[in-house]
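Let me begin by presenting the structure, written as structure tokens, before commenting on it.
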2 protein chains.
Amino acid sequence: MGRGHMARRNTNRRVGIADVAEKAGVSHATVSRVMNGNAAVDPGIAARVRAAAAELKYQPNPVGRSLALGKTDTIGIVVPDLANPTFQAILRGLSIAAAQDGYRVLIADSSEVTSEEAILAGEARRRCDGVVLCAPRMADAELEELAPTLHPLVLINRTTIATNTPSLSVDYGQGIQELAQHLVSLGHRRLVFLSGPEHSASNRQRLVGLDQFRAEHPDIELQMLHGGSNFDSGHESTEAIIASGATGVLAFNDLVAMGLLSGLHERGIRVPEDISVTGFDDIPFAKYTTPPLTTAAVPINELGSLAWRRMREQIQQAGETATQAQDEFSPRVEIRKSTAAPALKPAS
Amino acid sequence: MGRGHMARRNTNRRVGIADVAEKAGVSHATVSRVMNGNAAVDPGIAARVRAAAAELKYQPNPVGRSLALGKTDTIGIVVPDLANPTFQAILRGLSIAAAQDGYRVLIADSSEVTSEEAILAGEARRRCDGVVLCAPRMADAELEELAPTLHPLVLINRTTIATNTPSLSVDYGQGIQELAQHLVSLGHRRLVFLSGPEHSASNRQRLVGLDQFRAEHPDIELQMLHGGSNFDSGHESTEAIIASGATGVLAFNDLVAMGLLSGLHERGIRVPEDISVTGFDDIPFAKYTTPPLTTAAVPINELGSLAWRRMREQIQQAGETATQAQDEFSPRVEIRKSTAAPALKPAS
DNA sequence: ACGCTCTGAGAAAACGCTTTCTCATGATTC
DNA sequence: GAATCATGAGAAAGCGTTTTCTCAGAGCGT
């Protein structure tokens, strides 16, 4: 009577290194050597092995390989929401850049549940050689504690006090100031900022940027309005925006701006004749709204690929705890048709 | 002099099952048992093990686990282009649904390089417990040959002759017919289809749908125009569309429609007064174009989560080669503001 | 009090690979 | 021609788990 494990062994077993070794009449070790080209092996034997491997269509099992090598050739990315074009773009840039170096990416979508982020990141890290973390709402303290445990780590739009984890960030403060400046230079005197999620790090940056703007332009009225980060929240803010009496709106991002544009259009308010609207991010769709959206362009594809570069650097350095680059991208104001000089009347 | 491997062993070794075993004064096996709750273990010992594990912050290594278990709790998805909202949405739906069952997703972006798709899918399959394949342009023969080797496989918008791989598809043929019908019922008599990538399976489906439409409406003029699948191709087709003299345009998808909308707007052509435009897919942005886009809505989020359900079924069935569900989604025409009755003049 | 079953824990094999260690063979040198 | 060396292949030890196998000891019936 056949033993259980024997049965298992023979039944539809995937072809492994042992099969190739047997067919070629050599040892496992030799097969491994020719597959990886690590050690010198007699050309004749190598050819025999390769022939056997080809005939059996042998493909090394990556899991076994990972275990032996201690690396998975995979990196993880945790994002708060895969529906957000910004994270989609980062993911895409990262994935393409990593693929070029033979790495894959594993995704973890925290669905905006901040409390899950640390766990997801930890799990991802254990399966991968490194993690790219996008956690705009995670508390600073938690981030600070988490970062060292994730080590080959790249932070997006966050920084830690310890400078040994690279971070890529966008200077939202400067971007929003430039947009405000743009509106002012068109003649606007009453502005409103339609803010994003309250605990979002990038929203805080915009707020400090606007504080500075206020200090430099005491004559300009700048209201604040709470909002969210997506279409619907922009759309829902339509009435409040109209009620604000402002002639220029700084929306949290392009999504919000688009929602607002649509709301204004429904209400018969013309953009930019009656009111000017700016976005932020310059997502691909921003060019195609009606009117095309004035926004602050962040080079998001670059961000993804640079994230990979920083990750690769750390993976290669392995042990050394050098201080890592802190990259900051400056958004560039992209003037389109959603902003114009205000109508004459309300010039106080 | 310390041996190489000893040095390696002591240096910043991650805490493993052995450490926990030692600390708790039991064997590896016992630790594994309590971690997985597989076998009965004395409550006292179990508690001791759990305490040790907690103190050492032990987290089982997933790679070792995968090797022993023969599964990775990960599925792969190969997409032709992560910049396309349709695939983004599928990815998202899949990822969220899979996460609910404790699975992760590994992405492989073929960057529209058809010849890479088979290789990518194979690699993904070896690292994962199954693969979701979106390969709209892969040759039928290649797909037929590839499918069996990928086995726990779910096909998106493709089918194989063998009915043992589940597939989810959208009835593009019906959708485009309904859109055409909608235009006709508004009074349009001269239509033009702005087609997508020539070898795309879903484009072929639209074409057969339109053939059928033609057969049923011999009185309606329906031109064909070659295009692509993104913004820019829609934008570039603006002149050709105008030259066609058609009053109703069926764009390949929403992206193309948006590009076209923008082009028409630049040329001063009013939509829908001068020309009606339809899209396809109902991507989130379609509601927010100006005017909001009439399109055929495909329930894309459902598609992603159903893809996971079909995958899970296969993973659970393991050996059995039952015939698998072939799901087909019917798009629903979503009438917005980009379509209207044509101007009276050209009514022949 | 003896033998029986049953519970539960350790030893060891297995998963599929890489890499070190070891040793045979043939080439090189004086 | 003997001692030395380089070459290259096999044996075996890891990588970190799970799981089977094995067996000690406890509990039970007669």
Side-chain angles (χ1 to χ4, degrees), chain A residues 1-22 24-49 52-53 56 58-73 126-127 129, chain B residues 1-22 24-49 52-53 56 58-73 126-127 129:
Chain A
M1 53 188 79
R3 294 283 180 51
H5 64 94
M6 281 305 284
R8 172 140 128 270
R9 193 138 230 286
N10 295 341
T11 311
N12 73 9
R13 189 72 250 100
R14 222 180 176 77
V15 25
I17 206 172
D19 305 293
V20 180
E22 188 181 359
V26 299
S27 70
H28 327 266
T30 301
V31 175
S32 170
R33 283 192 273 256
V34 354
M35 296 305 288
N36 297 289
N38 285 333
V41 30
D42 183 279
I45 296 192
R48 222 164 68 221
V49 169
L56 279 92
Y58 167 67
Q59 306 276 159
N61 175 325
V63 179
R65 227 163 165 270
S66 291
L67 188 58
L69 256 27
K71 69 200 199 84
T72 59
D73 290 353
R126 251 168 280 128
R127 288 193 138 71
D129 300 344
Chain B
M1 51 186 84
R3 294 285 180 54
H5 65 96
M6 281 305 284
R8 170 140 127 271
R9 195 141 228 286
N10 296 341
T11 311
N12 72 7
R13 188 73 249 102
R14 221 177 176 80
V15 24
I17 206 172
D19 305 293
V20 179
E22 188 181 2
V26 298
S27 70
H28 327 267
T30 302
V31 176
S32 170
R33 284 192 272 255
V34 355
M35 296 306 288
N36 297 289
N38 285 334
V41 28
D42 182 278
I45 296 191
R48 222 164 66 221
V49 168
L56 293 161
Y58 167 68
Q59 306 277 161
N61 176 327
V63 178
R65 235 170 156 263
S66 291
L67 187 59
L69 257 27
K71 69 200 199 87
T72 60
D73 290 351
R126 252 167 280 132
R127 291 194 136 72
D129 300 344

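Chain letters run A, B, ... following the sequence lines, proteins first, then strands; residues in each count from 1.
Each of C:dG10, D:dT18, C:dT18 was ranked by its minimum atom distance to the side chain of A:Arg65; first place goes to C:dT18. The side chain of A:Leu67 has C:dG16 as its nearest neighbour among C:dC17, C:dG16, D:dA11. Here the side chain of A:Ala29 is nearest to one of D:dA12, D:dG16, D:dT19, namely D:dA12. When each of C:dA9, D:dT18, C:dT18 is scored by its nearest atom to the side-chain atoms of B:Ile45, the top-ranked nucleotide is C:dA9. Proximity note for B:Ile17 (side chain, C-beta onward) versus C:dT18, D:dT17, D:dT19: the nearest is D:dT17. Each of C:dC17, C:dG8, D:dT18 was ranked by its minimum atom distance to the side chain of A:Pro60; first place goes to C:dC17. Picking from C:dA9, D:dT18, C:dC17 the nucleotide with the shortest atom distance to the side chain of B:Val41 gives C:dA9.
Between the CD atom of A:Gln59 and the C1' atom of C:dC17 there is a distance of 15 Å, rounded to whole Å. We find that CZ of B:Arg127 is positioned 16 Å from P of C:dG16, with the value rounded to whole Å. A:Leu69 places its CG atom 9 Å from the C1' atom of C:dC17, with the value rounded to the nearest Å. Distance, A:Arg14 CZ to C:dC17 P: 10 Å, rounded to whole Å. Atom CG of B:Asp42 and atom C1' of D:dA24 are 15 Å apart (whole Å). Rounded to an integer number of Å, the gap from CG of B:Asn36 to P of C:dG8 is 17 Å. In this structure, the NE2 atom of A:His28 is 10 Å from the P atom of D:dA12, given to the nearest Å. A:Asp73 places its CG atom 14 Å from the C1' atom of C:dC17, with the value rounded to the nearest Å.
Contact annotation: A:Thr30 side-chain N/O to D:dG10 OP1/OP2 distance is under 4.0 Å. For D:dC15, the OP1/OP2 oxygens have no side-chain nitrogen or oxygen of B:Asn61 closer than 4.0 Å. Phosphate proximity of D:dA9 to A:Arg33: absent, as no side-chain N or O sits under 4.0 Å from OP1 or OP2.
The only member of B:Ile45, B:Val20, B:Val41 that meets side-chain contact (heavy atoms from CB on, under 4.5 Å) when paired with B:Val31 is B:Val20.
Formation of a donor-acceptor pair under 3.5 Å by the A:Ser66 side chain with backbone atoms of A:Lys71 is found in this model. Judged by distance alone, with hydrogens and angles left aside, the side-chain atoms of B:Arg48 form a donor-acceptor pair with the main-chain N or O of B:Ala24 at under 3.5 Å.
Among the atoms of the strands shown, none is found under 4.0 Å from any heavy atom of A:Gly70. The residue A:Val63 sits apart from the nucleic acid: no heavy atom pair falls under 4.0 Å.
Residue B:Asp73 comes nearest to A:Arg127 through the heavy atom pair CB-NH2, 3.8 Å, listed as atom of the first residue, atom of the second, then distance.
Side-chain contact check for B:Asn36 and B:Arg65: at least one donor-acceptor pair (N or O, by modelled atom type) lies under 3.5 Å.
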